[in-house]
**Q** 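Submitted below is the structure of interest, expressed as structure tokens.
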Amino acid sequence: MSFLSGRSLAKSYFITKSLWYKEEIRAVHEVSIDLDLENEPGPDRKGGNVGLVGESGSGKSTLARLLSRLERPSEGSLYFQEKEIGYLPESLLLPFRREVQVIFQDAAASLNPRHSVEKILSEPLRNFFPGLKRKERLERIAEILHQVGLSPDHYSRFPHEFSGGQKRRLAIARAVIIHPSLLVCDEVTSGLDVSLQGQLLNLFLELGDKFGVHYLLVSHDLPAVRYLCRRILVMYAGRIVEDFPVADTGSSVHPYTRALLESEPVLDGSFSPRFLPGEPPDPSAYPPGCPFHPRCRERKALCSEVQPGLKKVGENHRAACHLV
Ligand SMILES: Nc1ncnc2c1ncn2[C@@H]1O[C@H](COP(=O)(O)OP(=O)(O)OP(=O)(O)O)[C@@H](O)[C@H]1O
Ligand SMILES: [Mg+2]
């Protein structure tokens, strides 16, 4: 049984261009995935963590919002522990929200500036565990503050009294205090200096060990994804084009994935990255056939005519490409 599954998920936005014309932006389409969180943690501690990568505009955040039911899909189904939840009203989503929490890059901005740390961290406990006594709540708050590296003396402080890195830790504490099974993280390490990024990734691993939290890490940062995740999903033009185990980055078969991996700079300068020429397609007018074919060095005639489906190409490995 999968923890969370999408079947042919799609999301379109409509932008008013004139009185008579609305343009359809197809942000996500035909996405079918299973997130099984059961993978054994193993010595690398990565468990069932999944990374979601792709260029800007490829639909990563939209897919993350669909999987965390912050938005309803336009088409398709979302199953949480085998139950369809894609179109349920918010009032029926409580069991799902208890297990699936979300944090965004601007998580710090979502902390209410007028609420103290105690109030910020009490709120999710009150919502999801209304039976807890005040003493138990305070114990849980002290525990989570300690876990995320903030001092228990920070109880009565307000968000503006923290640094940017500390605010992110507080936002993580707020999401993890209810011990969810999955934390969807959209670019949470972006815009931080390298040492803070590393600290947050290690914090994620520690919270995974301690509370059994798994992650869906949406990121531009391939090294971060490699560090935290065991599986990578690659998005292009609103679709998943490859789904493969991190351990085998050398085995990626999609020309787009290989171009992404080749464009990754190496710090010691021993290798000069090759950047992928061209632009991703306009989401209101995808080209016929494979959406990547105009930029693909290896395209064949078929690629401009027929859209390749996501097929199994090996153990735990799927790719959408006519060349494989
Ligand atoms: N609320 C919205 N209204 C209209 N269009 C939207 C909306 N949200 C996203 N889009 C469009 O959907 C497409 C996918 O956007 P999305 O934010 O999912 O991409 P992304 O992969 O997360 O990009 P980035 O890496 O820059 O965060 C883009 O073309 C974007 O302009
Ligand atoms: Mg995004």
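Computed from a predicted model, the values in this text were never measured in an experiment. Each ligand, and each atom within it, is numbered from 1 in the order the structure gives. Side chains included, hydrogens not; waters and symmetry mates left out as well; all remaining heavy atoms used. The chain is numbered in sequence order, starting from 1.
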**Q** Polar-atom distance check: His220 versus ligand 1, any N or O pair below 3.5 Å?
**A**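 Yes; the residue has a nitrogen or oxygen that sits under 3.5 Å from a nitrogen or oxygen of the ligand.
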
**Q** Got a protein heavy atom sitting under 4.0 Å from atom 26 (O) of ligand 1?
**A**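 There is a protein heavy atom less than 4.0 Å from atom 26 (O) of ligand 1.
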
**Q** Please confirm whether the ring centroid of Tyr236 lies under 6.0 Å from the ring centroid of His254.
**A**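 Tyr236 vs His254: aromatic centres not under 6.0 Å.
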
**Q** Is Leu121 reachable from Leu203 through a run of I, L, V, M, F, W or Y residues, each pair having side-chain heavy atoms under 4.5 Å apart?
**A**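 In one cluster with Leu203: Leu121, yes.
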
**Q** Going by heavy-atom distance to atom 20 (P) of ligand 1, choose the closest among Gly238, Ser190, Gly57.
**A**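 Heavy atom nearest to atom 20 (P) of ligand 1 belongs to Gly57.
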
**Q** Closer than 2.8 Å to the Mg ion (ligand 2): does that hold for any N, O or S atom in Ser61?
**A**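 Coordinating: yes.
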
**Q** Examine ligand 1 and decide if any of its atoms is less than 4.0 Å from a heavy atom belonging to Gly54.
**A**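 It does not, in that no heavy atom of Gly54 comes within the 4.0 Å cut-off of ligand 1.
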
**Q** Looking at Val313, is its backbone amide N or carbonyl O close enough to the side chain of Arg318 to form a donor-acceptor pair, meaning the two atoms are under 3.5 Å apart?
**A**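 No; judged by distance alone, with no hydrogens or angles, the pair does not exist.
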
**Q** Would you say atom 30 (C) of ligand 1 makes contact with the protein, given that contact here means a non-hydrogen protein atom less than 4.0 Å away?
**A**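 For atom 30 (C) of ligand 1 the answer is no, since every protein heavy atom stays at 4.0 Å or beyond.
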
**Q** Taking only heavy atoms of Pro283, which atoms of ligand 1 are found under 4.0 Å from at least one of them?
**A**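 That gives atoms 29 (O) of ligand 1.
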
**Q** Which is it for Met235 and ligand 1 at heavy atoms under 4.0 Å: side chain, backbone, both or neither?
**A**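 Under 4.0 Å from ligand 1, Met235 contributes no heavy atoms.
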
**Q** Counting only nitrogen or oxygen atoms and a 3.5 angstrom limit, does Ala27 reach ligand 1?
**A**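 Ala27 vs ligand 1: no N/O contact under 3.5 Å.
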
**Q** Any link between Leu310 and Leu35 through a network of hydrophobic side chains (Ile, Leu, Val, Met, Phe, Trp, Tyr) touching at under 4.5 Å?
**A**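 Shared cluster, yes.
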
**Q** I'd like to check which ligand 1 atoms, numbered from 1 as shown, lie under 4.0 Å from a non-hydrogen atom of Arg65.
**A**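 Here the atoms of ligand 1 in question are 8 (N).
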
**Q** Among Tyr13, Tyr236, Phe14, whose heavy atom sits nearest atom 1 (N) of ligand 1?
**A**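 Looking at heavy atoms only, Tyr13 sits closest to atom 1 (N) of ligand 1.
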
**Q** For this output row, return yes or no: ring centroids of His214 and Phe3 closer than 6.0 angstrom.
**A**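 No, they do not, as the ring centres are separated by 6.0 Å or more.
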
**Q** Check this for me, if you would: do Arg295 and Glu55 make a salt bridge, where the nitrogen-to-carboxylate-oxygen distance has to be below 4.0 angstrom?
**A**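 A salt bridge is present here (some side-chain N lies under 4.0 Å from a carboxylate O).
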
**Q** Find all atoms of ligand 1 within a distance of less than 4.0 Å from any non-hydrogen atom belonging to Glu55, and give their numbers and elements.
**A**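 Once the distances to Glu55 are compared, the set is 21 (O).
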
